[in-house]
Amino acid sequence: MSAIRHALSTKREDDFALWYQEVISEAEMAEESGVRGCMVIKPWGYGIWERIQRLMDDRIKAAGVENCYFPLFIPIGYFAKEAEHVEGFAKEMAVVTHHRLIAGEGGALVPDPEAKLEEPLIVRPTSETVIGAAMARWIQSWRDLPMLTNQWANVVRWEMRTRMFLRTSEFLWQEGHTAHTDREGAMEEMLRALELYRSFAEAELAMPVIAGEKPENERFPGAVSTYSIEAMMQDGKALQAGTSHYLGTGFSKAAGIQYQDKDGAQQFCHTTSWGASTRLIGGLIMTHGDDDGMRVPPQVAPHQVVILPMLRDNDEDEALLAYCDEIRCTLVAQHACGERVRVLVDKRPGKATQKRWAWVKKGAPLILEIGGRDAAAGQVTTLRRDRLWNEQGKPNFSASARDKFVALAAAELEDIQTSLFKEAKARHDANIVRGIDSLDALSDFYAEDKHYPGWVELAWSRPMGDELEAVVKQLKELKLTVRNTPMGSKPVAGTCIFTGKPAVELIYVARAY
RNA sequence: CGGGGAGUGGCGCAGCCCGGUAGCGCAUCUGCUUUGGGAGCAGAGGGUCGCAGGUUCGAAUCCUGUCUCCCCGACCA
């Protein structure tokens, strides 16, 4: 039993799902909107998303990809062109059928029957079709290739069951769409995007992931192959945190994306698409959150340092605020992780203690509580969010001279970033189990009532078609899914526990969000 | 979409079975005291009980419909 009085009322180990919701609520990241499956993203949550956008956008542009923007509405006819794609998305699309309302029975507004659209519009669930139509116009020659585009947008998928950030009806994302002369060029681009996600997740989000290829049954509708990054949450479940697809020529044939090659012959382009969404924020919460709320890695924290003046509502406040502002000014002149340090002086009236717990729950990396004595002595009192409690179970404050603190602040932020990654990486590595050599052993492993069941690494024979369906069915009974085959998986020895055939590659099996 | 639970001041809840015009805790505001670490006391303000119908002299409470949320399942790049 711990004497620590945590900031949240629910502990991870008691009820992970409830804990997750409490973090989102208490950290003021998002709230319900009253519209099914849709959330309001509040300033702290949106600020994290803006950081993700900025850092990822820099990487996307550095890879030579250009941003553009396509319409929210897609003519329904565009979807009918790629059969597998329609099949995969048809059941979860929002459809616009009218463009005007009139007063109906009892004064309620109803769609005006006179204002019915000739052709219904789909609210985009993803933009392959509409971007494909544009590429068909934009591409004529091999000189136009590769064409590398990306858009930041919202999309809508009418999911049956929604969870904040993890699966919402509307979500925010980026979707990259590229066209190439041949398979090799497209595969290279698809893998470049995958590596971008892997590197971004680990460096910026401090979230260890495994990049690899999804099995056939988990492919994006219409894709030839689908790759993902998979992150391990603190309850041991897997979260698909980014996907990259090689689409072959299927979408090109559907949309007429053709080019004339050097020999003057018409060829279909090989295309890719890749996306990462606000789901990453759910991943951040379940990777770094603790029993006191969120812990935001400094790279994506809207405010890296929050200064709380201990205001007394008397005539000493002015001098205290001036002292805090001096600290802010010297801090913002520093660079951490290659950018200016982001600092907030929280000048709102109220007790520093109350504001402290609010910022602890939000997960600001460094919290400074500055009182009159600190100002008089030229000191600062700091609290590191990733080392919140001392051995006595009290908030782990440390005092240091102002100049010394300022000189080391950037390094400390970088250390927090590194520490969060190390902590997550250690948990990730510790919860990947190897050596399970039969279906019964797999069943036993997940039957145990473990808090962190983790993932199982297996060698399998890469079954396809009906054989794969049989495996998926077996796994489903254990509530398990095949996550991916890690990149660079070398040929493996042994026998596939599902098919009994010689194993050819590694896979990860886990429960998943 | 199937099964279960829930919607009552900003937040968390009681009241509902057995209809009689709304209560508690936290938060907020005011005052006093206190205050280098998640303050105390006293007082005050704030809700047509998710929404729409129905039954009734009277509905938070009973009935019907509907929306939203949570859990389990189905579904899901």
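This is a predicted model, so every value here is computed, not measured. Just so we're on the same page: letters track the sequence lines, and every chain starts at 1.
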Using Watson-Crick or G-U wobble geometry with both distances below 3.5 Å, tell me the partner of [N], or none.
N	value
B/U30	B/A42
B/A14	none
B/U35	none
B/U21	none
B/A6	B/U68
B/C62	B/G54

How many Å lie between [atom1] on [X] and [atom2] on [N], as a whole number?
X	N	atom1	atom2	result
A/Ile24	B/C69	CD1	C1'	13 Å
A/Glu218	B/A77	CD	P	8 Å
A/Asp313	B/U33	CG	C1'	15 Å
A/Glu32	B/G10	CD	P	17 Å
A/Leu308	B/U35	CG	C1'	16 Å
A/Arg219	B/C76	CZ	P	16 Å

Does the base of [N] carry an N or O that pairs as donor and acceptor with the side chain of [X] under 3.5 Å?
X	N	value
A/Arg167	B/C76	yes
A/Arg157	B/A77	yes
A/Thr353	B/G36	no
A/Lys214	B/A77	no

Nucleotide nearest A/Glu92 when distance is taken to its side chain, options B/C76, B/C1, B/U35: B/C76
Using a cut-off of 4.0 Å on non-hydrogen atoms, how would the nucleic acid contact of [X] be classed: base, sugar-phosphate, or nothing?
X	value
A/Lys476	sugar-phosphate
A/Gly222	nothing
A/Lys479	sugar-phosphate
A/Ala17	sugar-phosphate
A/Tyr227	nothing
A/Ser33	nothing
A/Arg163	sugar-phosphate
A/Gln240	base
A/Gly34	sugar-phosphate
A/Gly372	base
A/Pro221	sugar-phosphate
A/Trp359	nothing

Does a salt bridge link [X] with [Y], judged by any charged N lying under 4.0 Å from a carboxylate O?
X	Y	answer
A/Asp291	A/Arg12	yes
A/Lys214	A/Glu230	yes
A/Arg192	A/Glu189	yes

Flag, side chain of A/Lys362 to backbone of A/Met294, donor-acceptor distance under 3.5 Å: no
More than 12 heavy atoms from other groups under 6.0 Å of CD on A/Glu316: no
Side-chain H-bond candidate by donor/acceptor type, A/Ser9 with A/Glu22, under 3.5 Å: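 Side-chain D/A pair, A/Ser9 to A/Glu22: present.
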Geometric class of the A/Phe89/A/Phe79 ring pair [parallel <30°, tilted 30-60°, perpendicular >60°]: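 It falls in the perpendicular class, over 60°.
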